[in-house]
Amino acid sequence: MITAMHTMTTRDASGLFDVRPILSVDNVTRSIHYYVGSLGFRLAWAWSTTEQRFLQPGDEIEIGFALVGRGPIQFMLSHQSQGAPGMWLHLDVDTAEQLDALHAEWQQNGARIVEPPFLRPWGMYEMRVEDLDGHVLRVSAPPRPAA
């Protein structure tokens, strides 16, 4: 029996409980500004590879690694390592109205909207957004109920 993955909310005995994709980026500071300023994420922490320490607000040191998040969605940003530019990430929202609201917010904030929301042939309502390093956020919602 095939079950939709987004409905699988219970943990199994393996102990796995979360995932934080690591995105290779050209410039972590620039990527933080994009995720925070354009996509509404928050900076959880930043790490200096050269200083080998977590950075404090106001530090003027190059950031080598960082964690950004919005709600339960978190991404790690790594300076030119641990992956390749152009990764695709699939994010789910509960409703088409929420997807439209995200589209409006992100468009207003200057996000790189690759494709605005529309109903896909496979029945999902989706949009695609690109970050500064070519990573694609494919954001999906169930279609609106038929009137």
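In this chain, residues are counted from 1 in sequence order.
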Between Arg120 and Glu115, is the salt bridge (charged side-chain N to carboxylate O under 4.0 Å, His left out) condition met? List the steps. CA-CA 11 Å; Arg120 303 287 178 162; Glu115 293 178 349; 2.6 Å; yes
Check: Linking I/L/V/M/F/W/Y whenever any side-chain heavy atoms sit under 4.5 Å apart, do Met76 and Leu23 land together?
Finding: no
Q: Look at the side-chain heavy atoms of Ile, Leu, Val, Met, Phe, Trp and Tyr, link any pair under 4.5 Å apart, and say whether Leu91 and Leu102 land in one connected group.
A: yes
Are the side chains of Leu67 and Trp47 in contact, using a 4.5 Å heavy-atom criterion?
no
- Query: Hey, any chance Tyr35 and Val136 share a hydrophobic cluster, counting ILVMFWY side chains that come within less than 4.5 Å of each other, even indirectly?
  - Reply: no
Exam field: side chain Arg128 to backbone Leu137, donor-acceptor pair closer than 3.5 Å = no
Judged by atom type as modelled, is there a donor-acceptor pair below 3.5 Å linking the side chain of Asp59 to the main-chain atoms of Gln56?
-> yes
Donor-acceptor pair, Gln107 side chain versus His103 backbone, under 3.5 Å?
-> no
The single option from Pro116, Ser140, Pro117 that satisfies side-chain contact (heavy atoms from CB on, under 4.5 Å) with Glu126 is Ser140
Arg30 NZ/CZ over Tyr34 ring centroid, <6.0 Å and within 45° of normal | no
*asked:* One pair to check against side-chain contact (heavy atoms from CB on, under 4.5 Å): Val129 and Val114. What are the steps and the verdict?
replied: CA-CA 5 Å; Val129 178; Val114 177; 5.9 Å; no
Closest non-hydrogen contact found for Asp94 with Pro142 is O-CD, 3.3 Å
With sequence neighbours left out, the residues meeting side-chain contact (heavy atoms from CB on, under 4.5 Å) with Arg42 are none
By side-chain contact (heavy atoms from CB on, under 4.5 Å), Glu62 pairs with (sequence neighbours left out) His79
Taking the side chain from Ser38 and the backbone from Asn109, do they hold a donor-acceptor pair closer than 3.5 Å? yes
**Prompt:** Looking just at side-chain N and O atoms, do Ser24 and Asp133 make a donor-acceptor pair shorter than 3.5 Å?
**Reply:** no
| task | For the pair Phe41 and Phe75, name the ring-plane relationship: parallel under 30°, tilted 30 to 60°, perpendicular over 60°. | result | parallel
Are Ile113 and Leu99 linked, directly or through other ILVMFWY residues, by side chains that come within less than 4.5 angstrom of each other?
yes
**Prompt:** Would you say Val139 and His90 make side-chain contact, with heavy atoms under 4.5 Å?
**Reply:** no
The reported gap from CG in Asp18 to CD in Gln74 (rounded to nearest 0.5 angstrom) is 6.0 Å
Legend entry - Transitive ILVMFWY side-chain link Val36 to Leu132, under 4.5 Å: yes
_Tell me whether the count of non-hydrogen atoms from other residues, nucleotides or ligands lying under 6.0 Å of CD in Gln108 goes above 12._
no
Closest heavy-atom pair, Gly64 versus Thr49, reported as atoms and distance to 0.1 Å, is CA-OG1, 3.4 Å
- Message: Please verify the inter-ring angle class for Phe65 with Trp45; under 30° counts as parallel, over 60° as perpendicular, anything in between as tilted.
- Response: parallel
Arg70 and Leu39 have their tightest heavy-atom pair at NH1-O, 2.7 Å
Tightest non-hydrogen contact, residues Val28 and Leu77, listed as CG2-O, 4.1 Å
Does Asp12 reach the main-chain N or O of Ser14 with its side chain, forming a donor-acceptor pair under 3.5 Å?
yes
**Request:** Taking the six-membered ring of Tyr125 (Phe, Tyr or Trp), confirm whether the NZ or CZ of Arg144 is under 6.0 Å from its centre and within 45° of its axis.
**Result:** yes
